Amino acid sequence: MSVRVDPDTGLKIFNTRAAKASDKIAGIGYAVNDDLSQKTLPEAPAGAVFNADEQAKYREFKENRSEGGDYIPLEGEFAGYMEDVYSEAPIEREALDDECEILVVGAGFAALILWHKLREAGFTDVRFCEKGGDVGGTWYWNRYPGIACDVESYSYLPLLEETGYIPSMKFASGFEIMEHCQNVAKQFGFYDHALFHTTVEETKWDESLGRWIVSTDRGDKMKARFVVVANGILTTPKLAKIKGMEKFQGDAFHTSRWDYKVDLEGKRVGLIGTGATGVQLVPELAKIVKDLYVFQRTPSSIDLREQRETTDEERETWKTEEGWARARRARFAKISAGRSAIRAPDDYLSGKVDSFKEPRKNKSSVRLTPDELKQRQLDDNFEIMEQIRARVDAMVDDPKTAAALKPYYPYACKRPAFHDEYLPTFNKPHVHLVDTAPRGVAEINEAGVVHDGVEYPLDVLVYATGFQWMEPATFEMIIGRDGKSLKQKWADGGTRTFLGMQSAGFPNLFVVTGPQGGGGSFNFTDTINAHGDYILWMLETMREKKSDVVDITEESEIEYAAHCRKVDEDSAYLRDCVSYYDHDGKAEPGSLLYYGGGKWHKIRVGAQETLEPYIFSAASGN
Ligand code: NAP
């Protein structure tokens with residue numbers, strides 16, 4: 001039975017997890033690479049400094065790409081690109097019109113972590129609505145060949161100690177991560193609370209009841225006291241808007257809906273997009289297909305990967321070391337610079353040594369002025385990018401291909417990529433880089449891609465064109481006290497939240513890892529943990545105060561939004577390029593990612609001590 005009632009608790013128990021669509025939808029991440037020459041970053045060329053010439057080069061690179069094309073919504077004739085190809089048809093079930101205490105949108109890492117916290121604290125009347133057929137979120141949807149995490153799995157995977165699981169590799173494959181999510185869900189009874197293949201279509205606050213009314217595409221109309229939006233920040237796939245794309249006669253799909261029914265062996269395959277996804281895909285595709293055409297608009301920075309297997313020593317140590325993963329994640333989180341965090345040495349992360357810092361070359365004890373400090377950061381950043389560019393020359397044989405693969409923008413301005421096999425893959429005779437800079441692929445016809453008057457006939461076309469950043473469809477369907485959606489409120493008056501988690505006029509609503517949401521590190525699992533702890537604190541505070549409803553004051557969100565703008569503007573000089581992080585330069589400063597580091601925690605602690613930002617009340621209906 002897909003819905004039944006637990007005789008002990010009176011709560012509904014669900015059985016809606018869909019069966020896997022095909023056994024082919026499983027795989028492994030890319031393997032350990034033993035070629036040492038591919039695992040060292042060359043020195044930066046001697047005398048390279050970020051002088052006026054180099055700055056002009058970066059500027060030109062940016063300006064050229066500012067005209068990059070648009071994306072299209074995956075609706076109408078493109079709706080097929082959104083279909084769930086991973087699960088069998090949805091499990092039949094009755095529509096629900098009852099009430100639960102906490103309704104969570106999503107069943108990815110955030111939902112699993114939140115459930116674990118809530119359950120431990122005795123909140124059990126919790127319901128999860130998930131568009132997909134199973135848990136995993138990002139790792140449910142993204143199953144392309146070569147997928148793996150980029151943050152080390154020992155710090156990234158949630159609930160390792162609680163499940164006794166030790167990842168097989170430093171960068172676990174997406175398939176392994178997905179399986180871990182399923183095991184977490186099984187172990188902690190998550191499946192009983194989850195409505196899969198259920199898309200929330202509207203969440204509307206009912207002032208008279210003091211409840212959210214949540215409607216779904218399965219005909220549900222449920223009441224919930226609290227709603228938590230936990231469906232991720234890179235959720236809605238994007239397709240580049242390209243003239244004639246609907247005409248293509250071969251198979252075409254987006255990387256987050258990988259079509260395993262299409263056999264790629266012996267085929268001519270085109271790949272549009274060379275972000276983090278494209279970079280992981282290229283070496284794996286090259287192992288299978290007859291010809292691979294990689295259509296690149298902007299090259300990613302390809303840093304060292306150094307994939308490795310988990311050692312026997314680690315396994316033995318962690319079996320008996322209580323709290324090993326929490327401690328490791330906490331050490332990881334102490335590092336504020338992204339590259340240092342991602343490349344932190346194992347000796348530091350495992351607690352064998354206290355410092356993660358490499359001694360600075362030519363270290364001077366002179367105190368720097370703010371301008372000097374800024375210049376030093378830009379110089380250091382330039383030096384890393386010089387090394388990354390030198391790596392391209394060292395690894396790619398054809399000078400024209402190498403030149404096209406070199407990125408000219410500050411490190412981490414665009415999402416950095418890490419790989420030891422990507423660059424040498426372009427030395428294979430059947431792998432062709434098609435440089436489409438600065439505008440990108442602009443035409444597709446029945447046969448394939450057309451660029452600069454050349455037709456590239458293809459059997460299969462793969463779009464690795466990414467996702468909408470920090471703007472899931474969810475924000476459009478949350479209707480607050482004054483009848484406006486969250487999206488509309490932010491469009492009218494700018495993005496305004498408190499801590500990125502609450503917004504005035506949207507009582508009893510929490511957003512996890514949304515715009516302006518800080519509190520974590522380069523490891524999103526940290527942010528999710530911080531947000532989960534905050535929600536739990538709020539629920540417990542309300543329990544103690546016997547309060548039904550919490551909203552925040554307008555002043556608190558105005559002040560917080562101003563803070564987000566300032567920390568973004570203050571650090572913007574390090575992010576001067578065209579990037580999805582700021583919606584290709586179109587976003588208002590402070591409206592997306594939070595750049596204040598540890599300041600988020602200071603603000604949070606202040607709020608929790610004074611309770612000043614909060615308006616607690618009883619529900620009008622009570
Ligand atoms: P993405 O970073 O947004 O990359 C999209 C790519 O498509 C870019 O290279 C973009 O070029 C290109 N593009 C768009 N329109 C084009 C056109 N008309 N012609 C040619 N190229 C075009 O998307 P993604 O690679 O899927 O990555 C999204 C995010 O998901 C990552 O940044 C990361 O946060 C996450 N991710 C994580 C992992 C991991 O941890 N293992 C793996 C994959 C993805 P421009 O750069 O010029 O816009």
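Since this is a predicted model, take the numbers as computed values, not measurements. Note that ligands are numbered from 1 as they come in the structure, with each ligand's atoms numbered from 1 the same way. For this chain, numbers begin at 1 and follow the sequence in order. Values below: every heavy atom of this structure, side chains too, minus hydrogens, waters and symmetry copies.
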At under 4.0 Å between heavy atoms, which part of [X] makes contact with ligand 1: side chain, backbone, both or neither?
X      : result
Ala276 : both
Ala148 : backbone
Ala442 : neither

Per the ring pair (Phe, Tyr, Trp, His ring centres under 6.0 Å) rule, which among Phe171, Trp318, Phe332 passes with Tyr154?
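With Tyr154 as partner, Phe171, Trp318, Phe332 yield a single ring pair (Phe, Tyr, Trp, His ring centres under 6.0 Å), made by Trp318.
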
Under the ring pair (Phe, Tyr, Trp, His ring centres under 6.0 Å) test against His254, which residue among Phe78, Phe467, Trp141, Tyr463 passes?
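Running ring pair (Phe, Tyr, Trp, His ring centres under 6.0 Å) over Phe78, Phe467, Trp141, Tyr463 with His254 returns exactly one hit, Phe467.
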
What do you reckon, does [X] have a nitrogen or oxygen under 3.5 Å from a nitrogen or oxygen of ligand 1?
X      : value
Thr436 : no
Ala240 : no
Thr298 : yes

Quick one: does [X] get within less than 4.0 Å of ligand 1, heavy atoms only?
X      : value
Tyr144 : yes
Phe171 : no
Arg65  : no

From [atom], work out which of [options] has a heavy atom at the shortest distance.
atom                    : options                        : result
atom 22 (C) of ligand 1 : Ile272, Leu239, Ile147         : Ile272
atom 8 (C) of ligand 1  : Leu234, Val578, Thr274         : Thr274
atom 38 (C) of ligand 1 : Gln296, Lys241, Lys414, Arg415 : Arg415
atom 48 (O) of ligand 1 : Met245, Arg297, Arg439, His254 : Arg297
atom 25 (O) of ligand 1 : Val151, Thr138, Asp150, Thr277 : Thr277

Assess Arg268 against Tyr293: is NZ or CZ under 6.0 Å from the centre of the six-membered ring, and within 45 degrees of the ring's axis?
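No, cation not above the ring by the 6.0 Å, 45° rule.
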
Looking at Tyr409, is Arg65 sitting on its ring face, NZ or CZ under 6.0 Å from the six-membered ring centre and within 45 degrees of the normal?
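Output no; distance or angle outside limits.
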
Under the criterion salt bridge (Lys or Arg N to Asp or Glu O under 4.0 Å), I'd like the reasoning laid out for Arg343 against Glu306: C-alpha separation, chi angles, the key distance, then a yes or no.
CA-CA 9 Å; Arg343 304 205 26 79; Glu306 296 181 285; 3.0 Å; yes

Look up atom CG in Leu234 and atom CZ in Arg415, then write down how far apart they are to the nearest 0.5 Å.
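Reported value, rounded in 0.5 Å steps: 9.0 Å.
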
Residues Asp291, Lys428: salt bridge by 4.0 Å N-O rule
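Looking at Asp291 and Lys428, the cut-off is not met.
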
Charged N to carboxylate O below 4.0 Å: is that the case for Arg328 and Asp346?
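The answer is yes: the pair qualifies as a salt bridge.
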
List ligand 1 atoms under 4.0 Å from Ala464, heavy atoms only on the residue side.
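That gives atoms 4 (O), 5 (C), 6 (C), 7 (O) of ligand 1.
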
Main-chain N/O of Val450 paired to Glu443 side chain as donor or acceptor, under 3.5 Å:
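Side chain of Glu443 to backbone of Val450: no pair is present.
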
Ring centroid separation for Phe109 and Tyr156, is it under 6.0 angstrom?
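Centroid separation for Phe109 and Tyr156: below 6.0 Å.
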
